Every structure is written in C-alpha cells, then in structure tokens.
Amino acid sequence: MQLSKSEEELMNILWKQKKAFMKDLLDAYPEPKPATTTVATLLKRMSDKKFIDYKSFGRSREYFPLVKKKDYFSKHVNGLIKNFFNDSASQFASFFTQETNLSKAELEELKKLIDVEIEKK
C-alpha cells in the first residue's frame with residue numbers, strides 16, 4: 001500500500017516528531033497550514049492503511065507511526081526499480097547518476113558506499 005503525496009507530507013512530519021497530537025502536527029506545517037479537518041481526514045486514511053496508530057488521552061489522540069521511514073522508502077525505491085527500470089538496479093543507478101547532476105565529490109561518495117557493500121558480500 002502506498003501513501004498519497006499529502007499523506008506522505010504528513011507522515012514525514014510524524015516520522016520527525018515520533019509521536020504528536022493534532023496541534024503538534026498542524027504547527028509543523030509551513031504556511032498556509034491545512035485545515036484541521038483536512039489533517040484529520042489524512043490521519044484517518046493513514047490509520048486505515050495501517051501506517052499510523054494513536055493513543056487516546058480523553059478527547060485527544062497522540063499519533064505515532066507504525067511504519068519506519070527507511071522501510072517505506074525502501075519499498076518505494078524497489079517498486080520504482082521494478083516498474084520503471086525493468087527490475088534492473090544497474091539501469092536505475094545509470095539513470096540516477098546521469099540525470100541528477102551529481103558533483104564529482106558526490107559520485108565518489110556513492111562509489112565508496114558501493115565499495116563497502118561489495119566488501120560485505
């Protein structure tokens with residue numbers, strides 16, 4: 001299951017805060033802030049999708065993520081590789097390195113990361 005763009009934005013806030021009440025979530029949005037009802041709808045949909053849960057404190061709810069950011073984006077990237085790059089990580093890497101205008105230093109850092117992973121195998 002996947003999050004919409006607006007749900008992803010809210011999820012990013014929740015990942016940063018780890019747990020938050022509605023007021024905390026609204027405060028974290030940049031201007032113009034969404035309506036409380038909009039955020040409530042997003043929270044309900046995200047809860048239905050099992051991305052978040054909450055604890056009740058009287059009439060207030062403290063929301064927290066059930067899915068780790070790393071796990072979500074790992075699945076997302078793997079889906080991109082499968083759907084857009086014929087399930088080929090090398091095609092994805094080629095596209096990524098050529099189309100993102102990385103500096104020489106950034107490319108060297110990527111190479112170091114890859115070399116470390118090769119050593120582990």
Side-chain angles (χ1 to χ4, degrees):
M1 195 145 335
Q2 204 166 324
L3 296 171
S4 69
K5 186 174 178 174
S6 52
E7 291 168 344
E8 229 173 65
E9 183 180 11
L10 180 54
M11 195 71 193
N12 271 314
I13 292 170
L14 205 47
W15 278 320
K16 281 182 190 165
Q17 296 189 0
K18 299 194 180 18
K19 55 185 179 178
F21 291 96
M22 175 68 79
K23 181 187 180 321
D24 304 321
L25 296 171
L26 286 168
D27 288 346
Y29 272 95
E31 293 292 340
K33 297 184 185 297
T36 304
T37 53
T38 301
V39 175
T41 299
L42 293 172
L43 289 167
K44 169 80 171 97
R45 289 194 326 221
M46 291 160 61
S47 178
D48 290 346
K49 293 178 181 180
K50 306 288 188 231
F51 277 93
I52 65 166
D53 203 357
Y54 60 87
K55 290 181 186 173
S56 294
F57 294 91
R59 293 181 53 212
S60 297
R61 292 178 174 175
E62 184 179 48
Y63 296 92
F64 56 91
L66 292 175
V67 175
K68 292 179 182 165
K69 185 175 187 173
K70 179 182 174 190
D71 294 341
Y72 176 72
F73 284 103
S74 175
K75 192 173 261 188
H76 206 61
V77 168
N78 286 325
L80 280 173
I81 292 169
K82 182 177 182 184
N83 295 325
F84 294 101
F85 298 98
N86 301 319
D87 214 7
S88 169
S90 58
Q91 280 184 23
F92 169 75
S94 175
F95 176 84
F96 177 74
T97 55
Q98 292 173 10
E99 300 297 325
T100 55
N101 297 319
L102 297 171
S103 68
K104 184 176 180 180
E106 290 169 319
L107 286 168
E108 287 171 352
E109 185 62 30
L110 277 176
K111 185 178 182 305
K112 285 179 193 173
L113 292 170
I114 290 168
D115 288 343
V116 167
E117 289 303 313
I118 290 171
E119 292 287 322
K120 291 179 184 178
K121 304 270 177 183

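Keep in mind that what you see is a predicted model, and the values were worked out from it rather than measured.
- With hydrogens and angles disregarded, a donor-acceptor distance shorter than 3.5 Å links the side chain of D24 to the backbone of F21.
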Residue pair E106, L110: steps toward the side-chain contact (heavy atoms from CB on, under 4.5 Å) verdict: CA-CA 6 Å; E106 290 169 319; L110 277 176; 5.9 Å; no

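- Considering every non-hydrogen atom in both M11 and F51, the closest pair reads CE-O, 3.4 Å.
- Proximity of S47 to L43: side-chain heavy atoms (C-beta onward) are nowhere separated by under 4.5 Å.
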With side-chain contact (heavy atoms from CB on, under 4.5 Å) as the test, would you mind laying out the steps for L14 and F64 before giving the verdict? CA-CA 7 Å; L14 205 47; F64 56 91; 5.7 Å; no

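- Under the 3.5 Å distance criterion, with hydrogens and angles disregarded, a donor-acceptor pair is assigned to the side chains of Y72 and E8.
- Checked by atom type and distance alone, the side chain of S94 never pairs as donor or acceptor with a backbone atom of S90 at under 3.5 Å.
- The ring-ring contact (aromatic ring centres under 6.0 Å, His included) check on F95 picks up F85, with sequence neighbours excluded.
- Note: the hydrophobic cluster containing I118 does not contain L113 (ILVMFWY, side chain heavy atoms under 4.5 Å, direct or indirect links).
- Under the 4.5 Å side-chain heavy-atom criterion for grouping Ile, Leu, Val, Met, Phe, Trp and Tyr, F73 is connected to I52 within one hydrophobic cluster.
- Contact between K18 and P65 at its shortest, heavy atoms only, is O-CD, 3.1 Å.
- M22 is connected to Y29 through a chain of hydrophobic side-chain contacts under 4.5 Å among Ile, Leu, Val, Met, Phe, Trp and Tyr, so both are in one cluster.
- Pairing each heavy atom of L26 with each of T36, the nearest pair is CD1-OG1, 3.4 Å.
- One distance of note links CD of E99 with CG of N101; it measures 8.0 Å at 0.5 Å rounding.
- Pairing each heavy atom of A28 with each of I13, the nearest pair is CB-CG2, 3.5 Å.
- Salt-bridge check for E117 with K120: passed, with a basic side-chain N closer than 4.0 Å to an acidic carboxylate O.
- Summarising the local packing, CZ of F84 is surrounded by 12 or fewer heavy atoms from other residues, nucleotides or ligands at distances under 6.0 Å.
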Going through the distances and angles, do K55 and K19 end up as a side-chain contact (heavy atoms from CB on, under 4.5 Å)? CA-CA 10 Å; K55 290 181 186 173; K19 55 185 179 178; over 6 Å; no

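- In this structure a side-chain-to-backbone donor-acceptor pair under 3.5 Å is present from W15 to V67.
- When every heavy atom of L25 is checked against every heavy atom of Y63, the shortest pair comes out as CD1-CD1, 4.3 Å.
- More than 12 non-hydrogen atoms from other residues, nucleotides or ligands lie less than 6.0 angstrom from NZ of K33.
- Annotation: the span from K44 atom NZ to T41 atom OG1 amounts to 10.0 Å, rounded to 0.5 Å.
- Closest approach of L3 and M46 over heavy atoms only: CD2-CG, 4.1 Å.
- Under the 4.0 Å criterion applied to side-chain N and carboxylate O atoms, D71 and K75 are not assigned as salt-bridge partners.
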